[in-house]
Peer 1: 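Quick one: structure below, then a few questions.
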Amino acid sequence: MAPIVSKSLTISTIAAAAFAAAGWFAAVGQQTERPGLFTSEQAASGLTAYQTNCSTCHGPDLAGREGPQLAGSNFISDWGARSIQDLVKYIQTSMPPDSPGTLPPETYNDIVAFLLQSNGALSGNQPLTSAINVPIRSVASGTPPQTVAGAGRGARSGADETASLGRGVFPVNLAPARGLTVKGEAKNYVPITDEMLRNPPPGDWLMIRRNYQAQSYSPLAQITPSNVKGLRLVWSSAMHESGANEPTPIFHSNTIFIANTSNYIQALDARTGDLIWENQIGPTVGNGGTIAMRNLALYGDKVYAATTDGRVVALNAVNGNVVWDTRISGQTKEFTETSGPIVIKGKVIEGLTGCILYRREKCFISAYDAETGEQLWRFATIALEGEPGGDTWGDLPDLFRTGGDTWITGSYDPTLDLTYWGVAQAKPWMRASRGTGDKALYTSSTLALRPEDGKLVWYFQHIPGESFDMDEVFERILVDVGDQKLLFTAGKAGILWKLDRKTGKFLGYKNMVFQNVFDRIDKTTGQVQYRKDIVDQKTGEWLDACPSTAGGKDWQAMSYDPEIHAIIAPLSQTCEAMLGRVVAFKEGSGGTAGQRRFYEMPGSNGNIGKVGAYDVRTMTELWKHDQRAPILTSVLSTAGGLVFVGDLDRTFEALDARNGAVLWKIRLGTAVQGFPVSFSINGKQYIAVTTGVGGGSPRIVPRVVTPEIHVPDNGNALYVFALPDER
């Protein structure tokens, strides 16, 4: 099937980003006098439209995330010689990606007016129209307006936050934390011990993916293939609607703890769904605009959260009061969090994301004292000149080495006393854009660290010099087979990797979906070999790749079912063409710098969603379940012989763990998205799952290639199911 749509400017519905209170249009600073081809009112309307339609991919500061930068020298390099008319037409014919041209014509004009003003163009008395045929460079310099930020907030001081780009400063004003919006107490709460984390009680779900080994498997067996058809909704609870919703419900002491969008933390009575307490720890909108909060962590009498503006916060589990609040970095404002911590022997260990621009400070994994919040250690995921691995970036200066995010929570082996983390790709995405095709350590790697001090014990780089946003950052599942201590992981390339977790030695792999990025993978070493045209790539040229940046395998976690000795993986079957853009090598530049087009994967028969089971001993595929709608949840497997997953088409379903057959399903309010869990109260087993809007490639890409699937743009909620009581 031919590519469907170019995605240089991605537009997908989201909640408002954080410009509105900033006085963005109040000052234009050092702009030169150029003709005003739009009105300030039009640019203000364009800001609102940008917030609603564009900032998920391009960021509230226009710095780029899923899509390229839209302000500064990189934007002018791409668009400066082209006309305003060209830009309006391009956006009109390609956006939104799942329904191009559906916004009112004046909205497209307003967005372009906002982009022009963001690049230094002056407003005037005449509104911008699509007929204006002057070069963008003649009215816009690429220098953002210098702005005095309005009423923003810092984590604890009330100071304004700003994110700099190029020579200008974009305001990222963050609404203040509201604090406890609902007061109450969780009754009879039992503090979490180290032993409970090592060996979770069968009915509890104490952390993301349930246990240190990240197996996403429940030992509860009350719900089975023979009775699952009787599963019924027990209660549901609406969640906040301010952004992407991909959380893990955490269960302990009859209480569910859950992260909502905009940094709301809630405790609910798991028996009834009643809200016990709620704390909005702020900010209302983080640096990522509408990024998700995927998990919380429990330890002692505290709940730990990582916020979207790059803080780690400890709350009292009983009443929700803040105990301590620590900013991860005092230097870099773009850093953020999308997943919470793991707690190991009194240390709260947290990854980091937002490592997208050329900055002096690089991404790192860090640890905090669980009682005080004091930062104890850091491990930098980008090797610099003169350090071990520093030579793997070639001659690229330190300033331009970026990426290496750790945006998915790690796992832990208590016996070996090692914590395992995946590291994301180098940025910009394509090697032609970033100026190096070398290994670029420690990107696209598995790291084994000592939790005591953060020292590196071993690493394995899955994709040296990664070049298509084929992220390898996701969960590391720990499995024992006889005397073998194994680690399994999979990234966007859709390759299931098998390593010895003592040493990092490569033991095997399995292509779970069709991939054509690598000509071969060495069966002894695991070394990948890129296609020659990828190695020889140039900026401005399109290259095809399967899978797309949605995966393969993305943030949705796999499960390990010990009953069938299988990894069960949620997969996506789409492909893309990618074009790497020219990037200015200057501080504040960088970004992803990639333009994309998406299409169905060959051989998928139009089935975007796939769930596959793979024997951990032989790496053979035991069964697969294909469907049109993409899978948007992690896999939950249970000792009852069931596999639970949810999809974009609002369906939550139970599969037979033996063969993948669908045994039960239900339609919910919007896309089923997040991490399903199972818990028990007084011997009764429950299944919980969330629905949600927003999200990156795993949601955006399938919506482009499955335009017939219509999903409400609201409906963030938590649903809890159980079998009827016997009479």
Peer 1: Do the non-hydrogen side-chain atoms of V303 and L298 ever get within less than 4.5 Å of each other?
Peer 2: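 Of all side-chain heavy-atom pairs linking L298 with V303, at least one is under 4.5 Å.
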
Peer 1: Taking NZ, NE, NH1 and NH2 as the nitrogens, is one of them in R210 or D204 under 4.0 Å from a carboxylate oxygen of the other?
Peer 2: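 No.
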
Peer 1: How close do Y719 and L233 get, heavy atom to heavy atom, and via which atoms?
Peer 2: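 Taking Y719 first and L233 second, the nearest heavy atoms are CD2-CD1, 3.9 Å.
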
Peer 1: I'd like to know if the side chain of N716 and the backbone of T670 have a donor-acceptor N/O pair within less than 3.5 Å.
Peer 2: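 Judged by distance alone, no pair lies under 3.5 Å.
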
Peer 1: Atom CE in M293, atom CD1 in I265: separation rounded to 0.5 Å?
Peer 2: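 Interatomic distance, M293 CE to I265 CD1, rounded to 0.5 Å: 4.0 Å.
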
Peer 1: Taking the six-membered ring for Trp and the single ring otherwise, decide whether the centroids of F474 and W407 are under 6.0 Å apart.
Peer 2: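 Yes.
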
Peer 1: Can R294 and T338 be counted as having a side-chain donor-acceptor contact under 3.5 angstrom?
Peer 2: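 Yes, a side-chain donor-acceptor pair sits under 3.5 Å.
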
Peer 1: Just how far is it from atom OG1 of T272 to atom CH2 of W235, taken to the nearest 0.5 Å?
Peer 2: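 If we round to the nearest 0.5 Å, T272:OG1 and W235:CH2 are 7.5 Å apart.
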
Peer 1: Within the 3.5 Å criterion, strictly below it, is a donor on T409 or N295 matched to an acceptor on the partner's side chain?
Peer 2: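 Yes, a side-chain donor-acceptor pair sits under 3.5 Å.
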
Peer 1: Please name the pair of heavy atoms, one in M239 and one in T690, separated by the smallest distance, quoted to 0.1 Å.
Peer 2: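 In terms of heavy atoms, the two residues are closest at SD-CG2, 4.1 Å.
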
Peer 1: Just by distance, no angles: are the side chains of N263 and T308 close enough, under 3.5 Å, to form a donor-acceptor pair?
Peer 2: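 Indeed, the side chains of N263 and T308 share at least one donor-acceptor pair under 3.5 Å.
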
Peer 1: If you take all heavy atoms of Y212 and I344, which pair is closest and at what distance?
Peer 2: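 Closest pair (atom of Y212, atom of I344, distance): OH-CA, 3.8 Å.
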
Peer 1: Are E361 and R378 within salt-bridge range, i.e. N to O under 4.0 Å?
Peer 2: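 A salt bridge links E361 with R378.
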
Peer 1: Looking only at atom types and distance, does a side-chain atom of W277 sit under 3.5 Å from a main-chain N or O of V318, one as donor and one as acceptor?
Peer 2: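 At least one qualifying donor-acceptor pair exists.
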
Peer 1: Considering only heavy atoms from C-beta outward, does the side chain of T181 approach that of N279 to under 4.5 Å?
Peer 2: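 No - every pair of side-chain heavy atoms lies 4.5 Å or more apart.
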
Peer 1: Between E475 (side chain only) and M558 (backbone N and O only), is there a donor and an acceptor less than 3.5 Å apart?
Peer 2: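 It does hold such a pair.
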
Peer 1: Evaluate side chain to side chain contact (heavy atoms under 4.5 Å, CB included) for T638 paired with I223, printing each intermediate quantity in order.
Peer 2: CA-CA 9 Å; T638 72; I223 305 169; over 6 Å; no

Peer 1: Kindly say whether L478 contributes a backbone atom to a donor-acceptor pair with the side chain of Q215 at under 3.5 angstrom?
Peer 2: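 Pair found, side chain donor or acceptor close to backbone of L478.
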
Peer 1: From N316 CG over to L180 CG, what is the distance, rounded to the nearest 0.5 angstrom?
Peer 2: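 Separation between the atoms: 10.0 Å.
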
Peer 1: Between H252 and Y189, does the ring centre distance come in under 6.0 Å?
Peer 2: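 Between H252 and Y189, the centre distance is under 6.0 Å.
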
Peer 1: Whether the T261 and S242 side chains hold a donor-acceptor pair (N or O, under 3.5 Å, no angle test) is what I'd like checked.
Peer 2: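 Yes, a side-chain donor-acceptor pair sits under 3.5 Å.
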
Peer 1: What's the spacing between L352 CG and T381 OG1 if we round to 0.5 Å?
Peer 2: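 The distance works out to 8.0 Å.
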
Peer 1: What is the minimum heavy-atom distance between W324 and V312, and which atoms define it?
Peer 2: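 Closest heavy-atom pair between W324 and V312: CZ3-O, 3.3 Å.
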
Peer 1: Does a side chain donor of either W421 or T419 reach within less than 3.5 Å of an acceptor in the other side chain?
Peer 2: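 There is such a pair between these side chains.
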
Peer 1: Would a distance-only check, ignoring hydrogens and angles, find a side-chain to backbone donor-acceptor pair under 3.5 Å from Q673 to N245?
Peer 2: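 Side chain of Q673 to backbone of N245, a donor-acceptor pair under 3.5 Å: yes, one is there.
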
Peer 1: Would you mind telling me which of Q280, Q266, E278, H240 makes a side-chain hydrogen bond (donor to acceptor under 3.5 Å, both in side chains) with N260?
Peer 2: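 That would be Q266.
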
Peer 1: Taking side chain as C-beta onward, heavy atoms only, is I281 less than 4.5 Å from V322?
Peer 2: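 Yes - at least one pair of side-chain heavy atoms lies under 4.5 Å apart.
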
Peer 1: Between Y412 and I349, does the side chain to side chain contact (heavy atoms under 4.5 Å, CB included) criterion hold? Intermediate values first, please.
Peer 2: CA-CA 11 Å; Y412 174 60; I349 303 178; over 6 Å; no

Peer 1: Any side-chain heavy atom of F364 sitting closer than 4.5 Å to one from T406?
Peer 2: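 No, side chains not in contact.
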
Peer 1: Before accepting this row, confirm whether a basic side-chain N of the pair E334/R359 lies closer than 4.0 Å to the acidic partner's carboxylate O.
Peer 2: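 A salt bridge links E334 with R359.
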
Peer 1: Indicate the ring-plane relationship of Y686 and F679, choosing parallel, tilted or perpendicular according to the 30° and 60° boundaries.
Peer 2: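 Parallel.
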
Peer 1: So, for I681 and R271, which heavy atoms are closest and what is the spacing to 0.1 Å?
Peer 2: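 The pair with the smallest heavy-atom distance is CD1-CG, 3.6 Å.
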
Peer 1: Quickly, which of S559, S218, S216 forms a side-chain hydrogen bond (donor to acceptor under 3.5 Å, both in side chains) with S637? Name it, please.
Peer 2: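 Option passing the side-chain hydrogen bond (donor to acceptor under 3.5 Å, both in side chains) with S637: S559.
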
Peer 1: Given side chains that start at C-beta, do those of D647 and L632 come closer than 4.5 Å, heavy atoms only?
Peer 2: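 Heavy-atom side-chain distance check fails, nothing below 4.5 Å.
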
Peer 1: Hey, what do you get for NZ (K684) to CG (L723), rounding to the nearest 0.5 Å?
Peer 2: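 Result: 6.0 Å between the selected atoms.
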
Peer 1: Salt bridge between R327 and D309, side-chain N to carboxylate O under 4.0 Å?
Peer 2: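 Yes.
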
Peer 1: Side chains of V645 and Q556, heavy atoms from C-beta outward: is any pair under 4.5 Å?
Peer 2: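 A side-chain contact under 4.5 Å is absent here.
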
Peer 1: Strictly under 6.0 Å, is that where the ring centroids of W205 and F675 end up?
Peer 2: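 No.
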
Peer 1: Should N321 and V323 be marked as a side chain to side chain contact (heavy atoms under 4.5 Å, CB included) after you check the CA-CA gap, both sets of side-chain angles, and the distance that decides it?
Peer 2: CA-CA 6 Å; N321 288 320; V323 179; 5.9 Å; no

Peer 1: Quick one about T326 and Q375 (side-chain donor to acceptor, distance below 3.5 Å, no hydrogens or angles considered), yes or no?
Peer 2: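 No.
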
Peer 1: So do V711 and R699 actually touch side chain to side chain, heavy atoms under 4.5 Å?
Peer 2: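 Yes - at least one pair of side-chain heavy atoms lies under 4.5 Å apart.
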
Peer 1: Please assess D325 against R311 for the test side chain to side chain contact (heavy atoms under 4.5 Å, CB included), listing each intermediate value before the final yes or no.
Peer 2: CA-CA 7 Å; D325 184 334; R311 292 146 49 223; 2.7 Å; yes

Peer 1: Is a salt bridge present between K455 and D453, judged by a nitrogen-to-oxygen distance below 4.0 Å?
Peer 2: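 No, no charged N to carboxylate O under 4.0 Å.
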
Peer 1: Where do V190 and S253 come nearest, in terms of heavy atoms and distance?
Peer 2: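 So the two residues come closest at N-OG, 3.1 Å.
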
Peer 1: Do other residues, nucleotides or ligands put more than 12 heavy atoms under 6.0 Å from the CD atom of E452?
Peer 2: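 Not buried by this count: 12 neighbours or fewer within 6.0 Å.
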
Peer 1: Between S329 and T332, is there a donor-acceptor pair closer than 3.5 Å when you use the side chain of the first and the backbone of the second?
Peer 2: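 Checking the backbone N and O of T332 against the side chain of S329, a donor-acceptor pair under 3.5 Å is found.
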
Peer 1: For the atom pair NZ (K347) and NZ (K345), what is the distance rounded to the nearest 0.5 Å?
Peer 2: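 K347 NZ to K345 NZ: 7.0 Å, rounded to 0.5 Å.
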
Peer 1: Quick check: do R450 and W377 have side-chain heavy atoms less than 4.5 Å from each other?
Peer 2: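 No. Closest side-chain heavy atoms not under 4.5 Å.
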
